[in-house]
Amino acid sequence: MFVKPLFLSQEQSFNVLNSVGIKTGRDRGDERIILLRKTIQDGFKMIFYGNLRANSRKRIDNPLDVKKINADRPIPLRGFQLVLSLRTRARKEYESLCSKIMNAAQNSIPLIGEFAIFSNTQLRNHPTIIKVICENKGLSDELPHLVYVSREKKKQHPHHYKAGAMNVLTRVSGVMTNAPFILNVDCDMYVHNPKIVLHALCILPDSKGEKEVAFSQCIQQFYDALKDDPFGNQLVATFFYLGGGLAGLQGIFYIGTNCLHRRKVIYGLSPDHHIQNGKKDHDITNGKFSKKKRIFGSSKGFVGSTTDALEGKTLASNNNIWKYVEAAKEVVSCEYEYDTAWGKEVGWMYGTTSEDALTGLKIHTKGWRFEVCSPDLIAFMGCSPKDIITVMVQQRRWVSGLLEILLSNHCPIFGTLFGKLQFRQCLGYLWVTTWGLRCVPEICYSLLPAYCIINNSTFLPKDLGQWIPTTLFVIYNISTFVEYLGTGLSIRTWWNSQRMARITTTNAWFFGLLSIVLKLLRISDIVFEITRKEQSSSNESAKENNGRFIFNESPIFIPGTTILLIQLIALVTKLLGWQPRVRNGHGSGIGEVLCCSYLVVCYSPFFKGLFGKGKYGIPLSTICKSMVLAFLFNLPLYDKFWVKHTFSRTMDSLTLLLLLLLLGYRIFCHDSYTFPCFVAVICESWFTCFWIFIISTKWSPAFTKTHIDRLLLRVPEAELPAVDLFVTTADPVLEPPIITINTVLSLLALDYPANKLACYVSDDGCSPLNFYALLEASKFAKLWVPFCKNYNIQLRVPFRYFSHNTNPPNTEHSQQFIQDWLRLKKEYESLCSKIMNAATNSIPLIGEFAIFSNTQLRNHPTIIKVICENKGLSDELPHLVYVSREKKKQHPHHYKAGAMNVLTRVSGVMTNAPFILNVDCDMYVHNPKIVLHALCILLDSKGEKEVAFSQCIQQFYDALKDDPFGNQLVATFLYLGGGLAGLQGIFYIGTNCLHRRKVIYGLSPDHHIQNGKKDHDITNGKFSEKKRIFGSSKGFVESATDALEGKTLASNNNIWKYVEAAKEVASCEYEYDTAWGKEVGWMYGSTSEDALTGLKIHTKGWRSEVCSPDLIAFMGCSPQDIITVMVQQRRWVSGLLEILLSNHCPIFGTLFGKLQFRQCLGYLWVTTWGLRSVPEICYSLLPAYCIINNSTFLPKELGQGIPTTLFVIYNISTVVEYLGTGLSIRTWWNSQRMARITTTNAWFSGFLSIVLKLLRISDTVFEITKKEQSSSNESAKENNGRFIFNESPIFIPGTTILLIQLIALVTKLLGWQPRVRNGHGSGIEEMLCCSYLVVCYWPFFKGLFGKGKYGIPLSTICKSMVLAFLFVYFGKAY
């Protein structure tokens, strides 16, 4: 019999001695019993002393009292309480024994005599100590053998916790007595039924049991259980139903105590009498000594005893066990088990803190069965945990050990597949070994109701399915309730078990799982934690405690406290109506509220703990940590709000209704069968379709609000992700270097760790002037960036800062600030002067500039220069790299898209940041925290999975008053951009956008890269496949793989090392036969590469979000004249039409991709701008045509009010929208006027360029928009929005339309119209239409009489007059 205490402070010597005492009082021949005592702390002189004293008391208690009076509870502690007729002498001796041990515990024991061996012992460093305390001489009326064992320990040797101790006892007992059966109990488990060994032996020596049953397991029961089991640790119903169920299979689990084993099974014998070792079965009974030695160790005496045990030979009573003490010490040494099968195939198994479950599983896997021994009188009783802390520690140890089994080669599944573990027994083992995994879905499911309430969504079924979870909950609770009542337990006990199931799963089991994760990551190892045992001689302590929860600062209570706080927050949110509006489908309801309420009731002990005091209160540190976690759970990094523009919706709907009525009138009215009406039907059909695109896009607008404070709380500054910054410029004349360097300086001064930033400037013009400007700017940046950060300057672009503040700001800043300000202003003026001088006078192409000596605009090598390098310090400047990609005349360069792809590859080789911010050279940072705002969206738990990029709206610092050219698009971004934000997301507009690098590399939301018709998992693909996609550079392919897998590099402090590798990926030929521009990177095939790239990303299923912080994110310079506006609009329209007419058409994205239907309509709205120019021009000419021919295209009689009402409602709605955004009526009128002008001129020109391209007459050209810097609004006042003209054919359509309208009005006024042929002639309506168009084209009317650049060139007027003449001539002819 093995009794095994571990720590004296937790397993009191009274418990140990009472367990020992009871085992000497059992009904069995004493000469056949051996009792071994094992301890592992400090040699445990106290336990040894107690054993000596207990031995002398047993000579009085056992022979004289217990057996003679046939006491049914032969344990002194319980016997003296419950047996009334005990002799006074025995009671007196027991009290004397307790007193001696208590005195010895308080006063140190003199380490002399028998105790001298303990003088030099330490907890984890001591020799073997074996003492025969009591020896039976073969007489049944004497005491059994009693042996004290403390195994050798050395710091460098593993000791395998309880399993190691049990194996030592097995070997010691094998050398000394070698009994065929072993009964092991924990030190607190006393024998309650003195005949239990006989009961157990009824099972094991049975004819059937002899061949099949490995051990007989008695159920754990407790003598000091608290009333109603408040901590749910008695497991009465569990043992009855689940334990009973296992007994009907291959047998109950081995639970580590109260078990009678066959020694030969412990030695590894399987039912067919073979011991398994490796892949070969060894017949240990016939094997050679060398084989036995390899299995059992080098002790000849022990190997001989194991052979006897395996062959079933039993020794006669060994009356001189002290002779074997030295042999026993040999098998107890630390080194004995080395290179043996102990803990692997024989003995108690190693590798887990739940050695009992693993040992039982190993025995089951060999084919043995176990049986439950449950006599009428309870077999064993022990002391149960008295507080929740002890319960949590015990449960955590069980779960971590069971998970170790599941994740090892001892997994029950392997036992079924390759061993003899029955399938249903395997399921039983999987039930218990997956306890640790269960905590994850349990916690997630506990948080779901609160999440749904906070987000006003639902996870419960609706309609007919809503009764399923309710019925499931009711049936489950009824069944468990009946089970508990059926076992004689109270309703309160049932509820406590349900409550504790939630608490232990989400707290103790979660930390058991966490400890395994940390072990697998090799961060920490698992510690064997001893369950504290406390002796109570009565139930008074239970009454006093009454099951109240006590808490300490252990992190094990954080999950439960967090879950409780989250449920309370959710309930308060619901009650106070703080929920957001329902996004899609159903919002949260009574079901979610009931779920939260149920969880609050389950965690009511934690609720009491929030307000408790002392040990009954949850520590403040735990509450604070839980509040932080609850705060992070409940508050996303950004909020998205849907708004309803009710008036706008109503007016838009009325507009659509009137358009449909107008179409219906034209189709069904017999007066509409004329040529003008036919043209009107075609045009109005297009306008209706176009309006459907608009109304669908505008219908559900949304906007976002980001929370930087939450981001920094969740992600410490040191752990923020790296960001690569891209700036593109192509022409030093159209895009002056002074503008570019101001943008770069604003980026370098971002409020973000400098060692996490890298700025790459692409110079597609290969201009030494740009390189010189960047070199000089980097010197200025060393002063400018610290100045901005030290004084918290918000406007961090020098030309704007110093133009707004011509003198030092009149603030409370110190004299030092004024000195720094004056110095910086002087340095900036010097910088501007140097750049202007360099632009006027050519730069000497020597030194660093020598590489520019043989360069041409479209023919030059790759130039990559590291201008500034960060050495990993946050107070330095970020990396600054100049890039000019290689160009050759015979190679296509794909305009801006090609430049962006080169920057992507160069940055991938050098820094490989997971996020990319790209801006145009004129778009400076206006909000220095914009990267943090954008990261709030991309790092949010939901955004991380769904959002590909965060787009900031374009706004301009030099906008002309009342926006005379209609190019600020403020209302468009608010209404149509906001509407797109409520769908799949706003379009990518080519600048001011933070991208995920892995999305640019082609990753879709399901983490697969699309290539042709097949999805390739790039993270697992071979190098050849990656090479076909990303190109031949091994370094870049590796960096791309890291980006796709989410791996981030530490700060790269030596980027200059990668310049040569970067040059390789920037060459002309690198993209040949790769997926660049087709499936990865910025897309080729359109001059509107931004829209095409965004469309491709949306088609893969990604969403985008608008990032619109209160302080404007970026500001740029807007076109300052109508010519620039026309050129820009023409490029946009031609590029968008290329998309529409390609295989990237949005319709295909919806049919064959993951582009949402309404998002598709949004893309159709913008890609059909070029097509709209045709019906717009036709409709503009219809009134003049009708006047010249004296016909009409407008409805008459009942239908004549439709177009008038349509015109009024449309204009009222747009006026209200403009006024609602804070714009003036003049701005509204300018936008209406420019809508006519840009559509009929720039858009029509873009449409013609695509037609010519399709006819292969000419190709589209990428025209760079001219940028002009203005330090104030003086230039705007001077210009005043006046139109300037040149000889470009882009102005011919507008001039022609104006001339035709004038001709028509003159014809009407002078009565030069022909007679009416059929139906109605032209009337006042057509004259009003012509007049409206003349007003819209009033700038062109001025241009007819203007001079210089403000006048329309004569050549343009002449061409327009010819076209107008032809229109009139052919108009009259037909």
Side-chain angles (χ1 to χ4, degrees), residues 726-735 737 740 760-772 774 842-843 845 848-866 881-910 918 921 1000 1027-1037 1040 1058-1089 1092-1093 1131 1134-1135 1138 1253 1256 1258-1264:
F726 292 176
V727 181
T728 53
T729 182
D731 190 322
V733 176
L734 295 176
E735 297 172 332
T740 303
Y760 297 86
V761 180
S762 171
D763 178 15
D764 244 18
C766 194
S767 168
L769 180 60
N770 280 330
F771 180 56
Y772 174 79
L774 285 173
S842 60
I843 301 170
L845 301 181
E848 283 192 283
F849 298 90
I851 197 169
F852 293 96
S853 58
N854 293 318
T855 60
Q856 298 174 3
L857 179 61
R858 301 187 184 280
N859 188 19
H860 59 80
T862 299
I863 302 174
I864 298 178
K865 295 283 188 180
V866 178
V881 183
Y882 172 88
V883 179
S884 183
R885 57 179 171 145
E886 181 185 29
K887 282 190 176 182
K888 294 179 181 178
K889 291 181 179 180
Q890 66 273 27
H891 293 273
H893 303 122
H894 304 293
Y895 314 118
K896 183 179 175 181
M900 292 298 292
N901 285 337
V902 167
L903 287 184
T904 303
R905 295 194 295 272
V906 169
S907 64
V909 169
M910 287 184 156
N918 88 281
C921 66
I1000 296 299
K1027 180 179 176 182
R1028 185 182 60 76
I1029 296 169
F1030 294 112
S1032 58
S1033 170
K1034 188 174 182 180
F1036 177 70
V1037 169
Y1058 301 97
V1059 168
E1060 292 304 316
K1063 286 182 178 179
E1064 178 189 354
V1065 299
S1067 66
C1068 285
E1069 294 85 359
Y1070 186 80
E1071 292 184 352
Y1072 285 5
D1073 299 323
T1074 68
W1076 285 100
K1078 303 168 189 171
E1079 295 294 330
V1080 300
W1082 272 255
M1083 297 295 107
Y1084 301 154
S1086 170
T1087 53
S1088 293
E1089 78 296 324
L1092 178 54
T1093 303
R1131 190 187 75 235
S1134 61
E1138 284 178 307
K1253 179 182 177 181
R1256 299 186 180 180
S1258 67
D1259 205 352
T1260 52
V1261 178
F1262 189 93
E1263 297 170 284
I1264 299 169

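Closest approach of P732 to N770, counting heavy atoms only: CB-ND2, 4.2 Å. Minimum heavy-atom separation, D763 to S884: O-OG, 3.0 Å. Nearest heavy atom pair, residue V906 against residue V1065, reads N-CG2, 4.0 Å. The nearest pair of heavy atoms linking C1068 to E886 is N-OE1, 2.9 Å. Considering every non-hydrogen atom in both R1131 and T1087, the closest pair reads O-OG1, 3.3 Å. Closest of all the heavy-atom pairs between T729 and E735 is OG1-OE1, 2.9 Å.
Remark: side-chain polar atoms of T728 are not paired, donor with acceptor, to backbone N or O of S762 under 3.5 angstrom. With E1089 contributing its side chain and K896 its backbone, the two residues share no donor-acceptor pair below 3.5 Å. Between the side chain of H894 and the main chain of M1083, no donor-acceptor pair closer than 3.5 Å is present. Under the 3.5 Å distance criterion, the side-chain polar atoms of K887 are matched with a main-chain donor or acceptor of D764.
The side chain to side chain donor-acceptor pair (under 3.5 Å) test applied to S1086 returns no partner, not counting sequence neighbours.
In this structure, K1027 places its NZ atom where only 12 or fewer heavy-atom neighbours from other residues, nucleotides or ligands lie under 6.0 Å away.
Using a 4.5 Å heavy-atom cutoff, the side chains of M900 and I1000 are not in contact. A 4.5 Å side-chain heavy-atom check between E1071 and R905 finds at least one atom pair inside the cut-off.
Atom CG of N901 and atom OG1 of T1093 lie 8.0 Å apart (nearest 0.5 Å).
The aromatic rings of W1076 and F1036 are tilted relative to each other, their planes meeting at an angle between 30° and 60°. The aromatic rings of Y760 and F726 lie perpendicular to each other, with more than 60° between the two planes, well past the 30° mark. Using a 30° and 60° split on the angle between ring planes, F771 and Y882 fall in the tilted class, from 30° to 60°.
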**OP:** Check the pair Y1084, L1092 against side chain to side chain contact (heavy atoms under 4.5 Å, CB included), reporting the backbone distance first and the verdict last.
**Re:** CA-CA 8 Å; Y1084 301 154; L1092 178 54; over 6 Å; no
Original post:
Given the rule in the side chain to side chain contact (heavy atoms under 4.5 Å, CB included) test, do Y1070 and V902 qualify, once you have shown the distances and angles that lead to the verdict?
Top reply: CA-CA 10 Å; Y1070 186 80; V902 167; over 6 Å; no
**OP:** Verify salt bridge (Lys or Arg N to Asp or Glu O under 4.0 Å) between E1064 and K1034, making sure each step is shown before the conclusion.
**Re:** CA-CA 11 Å; E1064 178 189 354; K1034 188 174 182 180; over 6 Å; no
**OP:** Verify side chain to side chain contact (heavy atoms under 4.5 Å, CB included) between K865 and V1059, making sure each step is shown before the conclusion.
**Re:** CA-CA 8 Å; K865 295 283 188 180; V1059 168; over 6 Å; no
Can you give me every donor-acceptor pair (side chain of residues 849-860, partner residue at least two apart or in another chain, under 3.5 Å) with its distance?
from	atom 1	to	atom 2	distance (Å)
S853	OG	A850	O	2.7
T855	OG1	F852	O	2.8
H860	ND1	R885	O	3.4

